[in-house]
Protein chains: 2
Amino acid sequence: MKEALVSDTKLDHRPLYEVKANLFKGLAHPLRVRILEVLADAEETSVTDLLVDSGLEASHLSQHLSVLRRHHLVVSERKASQVFYRLAYPQIADLLAVARVLLVEILETTQQQLVSTVDLPPVGRPAVASSTEAAAK
Amino acid sequence: MKEALVSDTKLDHRPLYEVKANLFKGLAHPLRVRILEVLADAEETSVTDLLVDSGLEASHLSQHLSVLRRHHLVVSERKASQVFYRLAYPQIADLLAVARVLLVEILETTQQQLVSTVDLPPVGRPAVASSTEAAAK
DNA sequence: TCATGACTTTATAAATCCATCATATCGCAG
DNA sequence: CTGCGATATGATGGATTTATAAAGTCATGA
């Protein structure tokens, strides 16, 4: 069973699907995804560069970086008065890439469905139906 | 730029990293990961089977399935009085697999770090320091 | 030591998610 | 049509996350 992997680990008895969900929680914010993508494109990135990219206030960015650290997704290194971040594991970039592939598929499919709906002849109030559809996602 | 992909899409102008984060939100609950994993192992699965596997009350499971449907992660099909679910895209299984690889790496590394800490000679109150370390994750 | 730039932590209100229960809907058989 | 099994939806309070600003810490140069 999948839990067996984690059960054998000395200090953490949570099922793997629970640990996975926790990982996804760490990824479940736009800015944190953005940060990871920027980090995936460079060896390491200074907080200053991340601040410029994100347009955030320093404390706001730091809060998100803290979440990423806590989830073991990034590691930081201080060099004098500057701090640099990098991805903790190369597999994180893999995960983001696979997610992208999936999303491309989802977006293509759902857009096709929207187009199909739009091509249908009017039934009642098509304008309302179409805005309901858009609101669903 | 990455946003260009989504910007060209007719109805959805959100940056891709935002759409990705939304995808991860759909995945950010243990039971929803579990459900997807069960679905990944079969062609299709009845709600009844999912109820047995999860041990949930019907309405609780249904709420989670609703989230998965809304995120386009599963599709449902009613056959008489029973409803069957399956993964909406095969790439979802890929995503879960990559996440697993990443987690294995993370868990191995963090466990090694814990072991290294335990091997250190006592400094002050090792018992307290060790429980602080465990609480950190 | 002090001032300052760089970055982190603390604190807190608002927003969102989760757990749970009540109710509604769908399909089938009698 | 009614009853019932199967499943979905609505509602709501508690828990967690997010957004934001204030305060704190670290490193450096004068």
Side-chain angles (χ1 to χ4, degrees), chain A residues 14-15 17-36 38-39 44-71 73-86 132 135-137, chain B residues 14-15 17-36 38-39 44-71 73-86 132 135-137:
Chain A
R14 289 182 298 170
Y17 60 83
E18 197 170 306
V19 184
K20 272 189 198 175
N22 190 56
L23 166 67
F24 291 129
K25 279 183 187 176
L27 297 165
H29 187 285
L31 279 173
R32 292 205 289 281
V33 172
R34 176 66 187 154
I35 290 165
L36 293 172
V38 171
L39 295 187
E44 65 178 11
T45 308
S46 69
V47 171
T48 306
D49 286 343
L50 289 172
L51 283 172
V52 172
D53 179 82
S54 65
L56 281 187
E57 188 184 309
S59 65
H60 301 168
L61 174 63
S62 210
Q63 288 269 32
H64 285 298
L65 288 171
S66 172
V67 172
L68 291 174
R69 287 199 308 275
R70 200 181 72 234
H71 281 84
L73 293 169
V74 296
V75 288
S76 62
E77 183 179 10
R78 180 176 276 274
K79 297 176 182 175
S81 67
Q82 294 221 305
V83 178
F84 292 81
Y85 278 79
R86 64 174 188 277
T132 303
K137 183 57 173 38
Chain B
R14 289 182 298 170
Y17 60 83
E18 196 171 307
V19 184
K20 272 189 197 175
N22 191 57
L23 165 67
F24 290 130
K25 280 183 187 176
L27 295 166
H29 187 284
L31 279 173
R32 293 204 289 280
V33 171
R34 177 66 187 155
I35 290 165
L36 293 172
V38 171
L39 295 187
E44 66 178 8
T45 308
S46 69
V47 171
T48 305
D49 286 343
L50 288 171
L51 282 172
V52 172
D53 180 82
S54 64
L56 281 189
E57 188 185 310
S59 63
H60 301 170
L61 175 63
S62 210
Q63 289 266 32
H64 284 297
L65 288 171
S66 172
V67 172
L68 292 174
R69 286 199 309 274
R70 200 180 71 235
H71 281 83
L73 293 169
V74 297
V75 289
S76 61
E77 183 181 9
R78 180 177 274 274
K79 297 177 182 175
S81 68
Q82 294 222 304
V83 179
F84 291 81
Y85 279 78
R86 64 174 188 276
T132 303
K137 181 58 178 39

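What you see below is based on every heavy atom in this structure, not just the backbone, and it leaves out hydrogens, waters and symmetry mates. Proteins come first, then strands; the chains are lettered A, B, ... in the order of their sequence lines, and each starts at number 1.
- The residue from L36(A), I35(A), D49(A), L65(A) that alone fulfils the side-chain contact (heavy atoms from CB on, under 4.5 Å) condition with Y85(A) is L65(A).
- When rounded to the nearest whole Å, the span between CG of L50(B) and C1' of dT7(D) equals 12 Å.
- As a whole-Å value, the separation of L56(B) CG from dT7(D) P is 14 Å.
- Following rounding to the nearest Å, L65(B) (CG) and dT7(D) (C1') show an atom-to-atom distance of 10 Å.
- Applying the 4.0 Å criterion to OP1 and OP2 of dA8(D), one finds that Y85(B) has a side-chain N or O inside that range.
- Atom CZ in F84(A) sits about 17 Å away from atom C1' in dT8(C), given to the nearest Å.
- Looking at every heavy atom in both residues, A58(B) comes nearest to L51(B) through CA-CD2, 3.5 Å.
- Relative orientation of the F24(A) and F24(B) rings is parallel, given thresholds of 30° and 60° on the angle between their planes.
- Judged purely by atom type and a 3.5 angstrom limit, R32(B) has no side-chain atom pairing as donor or acceptor with the backbone of L68(B).
- For Y17(A) against P30(B), the heavy-atom pair with the smallest separation is CD1-O, 3.3 Å.
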Contact pattern, 5' to 3', of nucleotides 17-30 of chain D - B, S or - by protein heavy atom under 4.0 Å: -SSBBB---SSS--
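- The separation between I35(A) atom CD1 and dC7(C) atom C1' is 14 Å, rounded to whole Å.
- The closest donor-acceptor contact from the side chain of H71(A) to the backbone of L73(A) lies at 3.5 Å or more, if one exists at all.
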